[in-house]
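See below for the structure under consideration.
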There are 2 protein chains.
Amino acid sequence: EDLVIESIALDETQGRVTIGDIPDRPGLAAKLFQQVSRAGVNVDMIVQSVGRDGKAAMSFTMPQESYEAALETARRFSREIGAAAPSGERQVAKLSVSGTGLKSHVSVAARAFRALAEAGVNVEMISTSEVRLNVVVRGDEGRRAAETLRREFQEELI
Amino acid sequence: EDLVIESIALDETQGRVTIGDIPDRPGLAAKLFQQVSRAGVNVDMIVQSVGRDGKAAMSFTMPQESYEAALETARRFSREIGAAAPSGERQVAKLSVSGTGLKSHVSVAARAFRALAEAGVNVEMISTSEVRLNVVVRGDEGRRAAETLRREFQEELI
Ligand SMILES: C[C@@H](O)[C@H](N)C(=O)O
Ligand SMILES: C[C@@H](O)[C@H](N)C(=O)O
């Protein structure tokens, strides 16, 4: 399948919250997102990598206007279950590379990460699926990151 | 926007590899996935949550027949950069809940996690976007997890 990039989008409207050292057993993700949902926070990305030594870390993003409510909810959750104190950023930049053929081109991810590295941009969060690569970087690096990715994929961009 | 669930899919064809304690600076994600790409491994999901104390963890999934090559590549990468020894599972179960209106219904994630928790299923990886919730669980819990989610969302499933 040919690689076709349909869009490279930059979203600067979100914040992110991260909680580490969450006990890695059934029910904790449910508890966190029930509390987040009850606080009226609309979550966009949720990311969790596999844990180690019985603990896992979760990051999630939300509209900036809900950042305070999300951080407050995460603090209460962490105290209740004994996880690490949450960290957060009021504004991050989410970059989304969407297209077809991504799945058979693992080099798309390698190329995107390589381009960002050469521009000195640190990748904070990654969440990919077969049709989309989502990367979160620091808020003040978003525009530079978007330009870098558009240059990298200009041949494949329709 | 109304919540409509279009599909709940179970994919039992993949394995996963996780690397912890990766130095959280530009270039490391690029290095890993260039090596993975050169090893001819087609990656499906890549997930990284925000790091702590200058270190981050990354998990990725691939077809089971590439599991050995992926684990070997990850071991070499970890030795070269001084990350933690990688862990892996030859077979995991990936559950994908796709639909429209997910973004405005954070309770979809909360409901999915709640249903899995009540079935005693531990969530190993999470990667969500506005149109899809992907969850990875242990290989032998996949069918039970899929049935649990189909029951939970039967009202909204078209
Ligand atoms: C860490 C969290 O995802 C936990 N494994 C759960 O299933 O809820
Ligand atoms: C951990 C890894 O993603 C690193 N932050 C990078 O940018 O490559």
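In what follows, every chain begins at residue 1, and chains take the letters A, B, ... in the order their sequences are listed.
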Among the clusters formed by ILVMFWY side chains lying less than 4.5 Å apart, do [X] and [Y] turn up in the same one?
| X | Y | result |
| --- | --- | --- |
| Met45(B) | Leu133(B) | no |
| Val135(B) | Ile8(B) | yes |
| Leu116(A) | Ile22(B) | yes |
| Val43(B) | Val108(A) | yes |
| Met58(A) | Val137(B) | yes |

Using non-hydrogen atoms and a 4.5 Å limit, figure out which bit of [X] sits close to chain A: side chain, backbone, both or neither.
| X | result |
| --- | --- |
| Val121(B) | backbone |
| Asn134(B) | side chain |
| Arg114(B) | both |
| Ala56(B) | neither |
| Met62(B) | neither |

If you compare all heavy atoms of Asp21(B) against all heavy atoms of Arg52(A), which two are closest, and at what distance to 0.1 Å? OD2-NH2, 3.0 Å
Compare every heavy atom of Thr128(A) with every heavy atom of Asp44(B), then report the nearest pair and how far apart it is. O-OG1, 3.3 Å
When you look at CD of Glu155(B), are more than 12 heavy atoms from neighbouring residues, nucleotides or ligands closer to it than 6.0 Å? no
Determine whether more than 12 heavy atoms belonging to other residues, nucleotides or ligands lie under 6.0 Å from atom CZ of Arg76(A). yes
Going from [atom1] on [X] to [atom2] on [Y], what distance comes out if it is rounded to the nearest 0.5 angstrom?
| X | Y | atom1 | atom2 | result |
| --- | --- | --- | --- | --- |
| Ser129(A) | Lys94(B) | OG | NZ | 7.0 Å |
| Ile46(A) | Phe113(B) | CD1 | CZ | 4.5 Å |
| Gln48(A) | Ser127(B) | CD | OG | 11.0 Å |

Checked Ser96(B), Gly20(B), Ala112(B), Gly120(B) vs chain A; the most non-hydrogen pairs under 4.5 Å come from Gly120(B)
If you count heavy-atom pairs under 4.5 Å with chain B, which of Ser59(A), Ala117(A), Ser49(A) comes out on top? Ser49(A)
So which of Thr18(A), Val47(A), Val50(A) has the biggest tally of heavy-atom pairs under 4.5 Å with chain B? Val50(A)
